[in-house]
Protein chains: 2
Amino acid sequence: MSTLAGEPCDTSSWDAGNCPVRDVMNQIAGKWSTLLLEALAQKPYRFGELRRLVPDISQRMLTQTLRDLQRDGYIDRQVFPTKPPSVEYSMTELGHSLFEPLAKVLAWAGDNHAAVKAARVKFDASELG
Amino acid sequence: MSTLAGEPCDTSSWDAGNCPVRDVMNQIAGKWSTLLLEALAQKPYRFGELRRLVPDISQRMLTQTLRDLQRDGYIDRQVFPTKPPSVEYSMTELGHSLFEPLAKVLAWAGDNHAAVKAARVKFDASELG
DNA sequence: TAGTGCTAGTCTCTTTTTGAGACAAACAAT
DNA sequence: ATTGTTTGTCTCAAAAAGAGACTAGCACTA
């Protein structure tokens with residue numbers, strides 16, 4: 001319960017870089033991060049495979065998001081000296097340990113998607129008054 | 001296991017708006033969303049209180065993030081006719097049910113912050129080679 | 001009565017981030 | 001010779017976020 005006992009972060013000595021919630025979440029909270037983590041949690045994928053799996057991600061964002069996830073230690077990048085060289089991305093132990101609780105949130109999203117969409121409709125309707 | 005069985009989303013008939021993971025996560029994955037949810041999971045707060053709790057959020061983003069969270073049904077906005085009028089934000093049932101699994105991820109962040117930071121140092125060092 | 005401060009925002013301007021799409025290099029197959 | 005494959009990078013346009021001034025109504029203070 002460490003980080004959940006008091007305020008989101010220690011307010012007295014505020015330091016955004018020292019807040020674990022922000023520091024970790026800001027990375028996995030990206031538009032594409034969870035999607036890629038969900039894919040790589042199942043099995044390793046190559047760059048092009050991920051690109052086909054998430055058709056509307058640009059190469060630029062795929063490259064960048066993968067590098068960020070690699071930097072934080074969630075995924076591994078392995079280059080194979082084939083011709084042309086191929087690159088395989090796989091989830092690390094740390095990544096799997098993160099994905100365990102994260103999968104629960106993803107499951108929640110699936111289970112409650114209808115409720116969220118209903119809330120939106122209701123909200124948008126009341127805005128028009 | 002519904003959404004976790006196969007690919008992140010049904011790839012054959014791809015529709016970003018129909019993917020629960022994307023539709024739900026894109027909202028709670030914002031830079032400030034989890035932080036505000038964490039605060040409001042504990043007790044209701046007023047606009048100014050939240051602003052002080054998260055010093056480096058701009059009024060603009062606080063307003064907008066709160067409205068987005070309200071739109072998705074996670075929080076309630078109640079105006080009190082005091083002078084000057086005050087507004088209280090509180091977490092809904094839906095919000096609490098989301099926060100239950102989300103709290104596990106937040107706890108993970110607290111427990112593994114050191115490992116993530118270590119991974120970053122290692123990555124950045126190997127980049128300089 | 002003028003000045004100051006509180007509330008919860010909005011409006012505008014600048015900076016940062018993201019998206020779209022062309023381009024690269026090296027080799028295989030046609 | 002041309003086309004296709006791989007994993008990226010580069011540039012430019014569009015979208016989003018951040019900074020800070022501004023609003024309105026009322027209370028308190030001088």
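This one's a predicted model, so the numbers in the text were calculated from it and none came from an experiment. Below, read A as the first sequence line, B as the second, and so on, with proteins coming before strands; counting in each chain starts at 1.
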Rounded to the nearest 0.5 Å, what separation is found between the CZ atom of B:Phe47 and the CD atom of B:Gln59? 5.0 Å
For A:Arg67, is there any backbone N or O sitting under 3.5 Å from a side-chain donor or acceptor partner on A:Gln70? no
In whole angstroms, how far is the P atom of C:dT17 from the CG atom of B:Asn26? 18 Å
What integer distance in Å separates A:Gln27:CD from C:dT17:C1'? 13 Å
Rounded to whole Å, NZ of B:Lys31 lies from C1' of C:dT15 at a distance of 12 Å
Closer than 4.0 Å, any side-chain N/O of A:Trp32 to the OP1 or OP2 of C:dG19? yes
Decide yes or no for A:Glu88 and A:Tyr45: does some side-chain heavy atom of the first lie under 4.5 Å from some side-chain heavy atom of the second? no
I want to check something: taking the side chain as every heavy atom from C-beta on, are B:Ile75 and B:Ser90 in contact at a cut-off of under 4.5 Å? no
Classify the nucleic acid contact of B:Tyr89 as base, sugar-phosphate or nothing, counting any heavy atom under 4.0 Å across all strands shown. sugar-phosphate
Residue-level proximity of residues 57-71 of chain A to DNA chain D when a heavy atom falls under 4.0 Å: A:Gln59, A:Arg60, A:Thr63, A:Arg67
Considering every strand and a 4.0 Å limit on heavy-atom distances, what is the contact class for A:Arg51: base, sugar-phosphate, or nothing? nothing
Could you tell me whether B:Asp111 and B:Lys104 have a side-chain N and a carboxylate O separated by less than 4.0 Å? no
Opening and closing nucleotides of DNA chain D in contact with chain A, under 4.0 Å to non-hydrogen atoms: D:dT5 to D:dT11
When you measure from the side chain of B:Thr92 to the backbone N and O of B:Tyr74, does any donor-acceptor pair fall under 3.5 Å? yes
What I want to find out is whether A:Asp56 reaches B:Arg22 closely enough, with some N-O distance under 4.0 Å, to be called a salt bridge. yes
Identified side-chain contact (heavy atoms from CB on, under 4.5 Å) counterpart of A:Leu36 within the set A:Leu62, A:Asp68, A:Ile28: A:Leu62
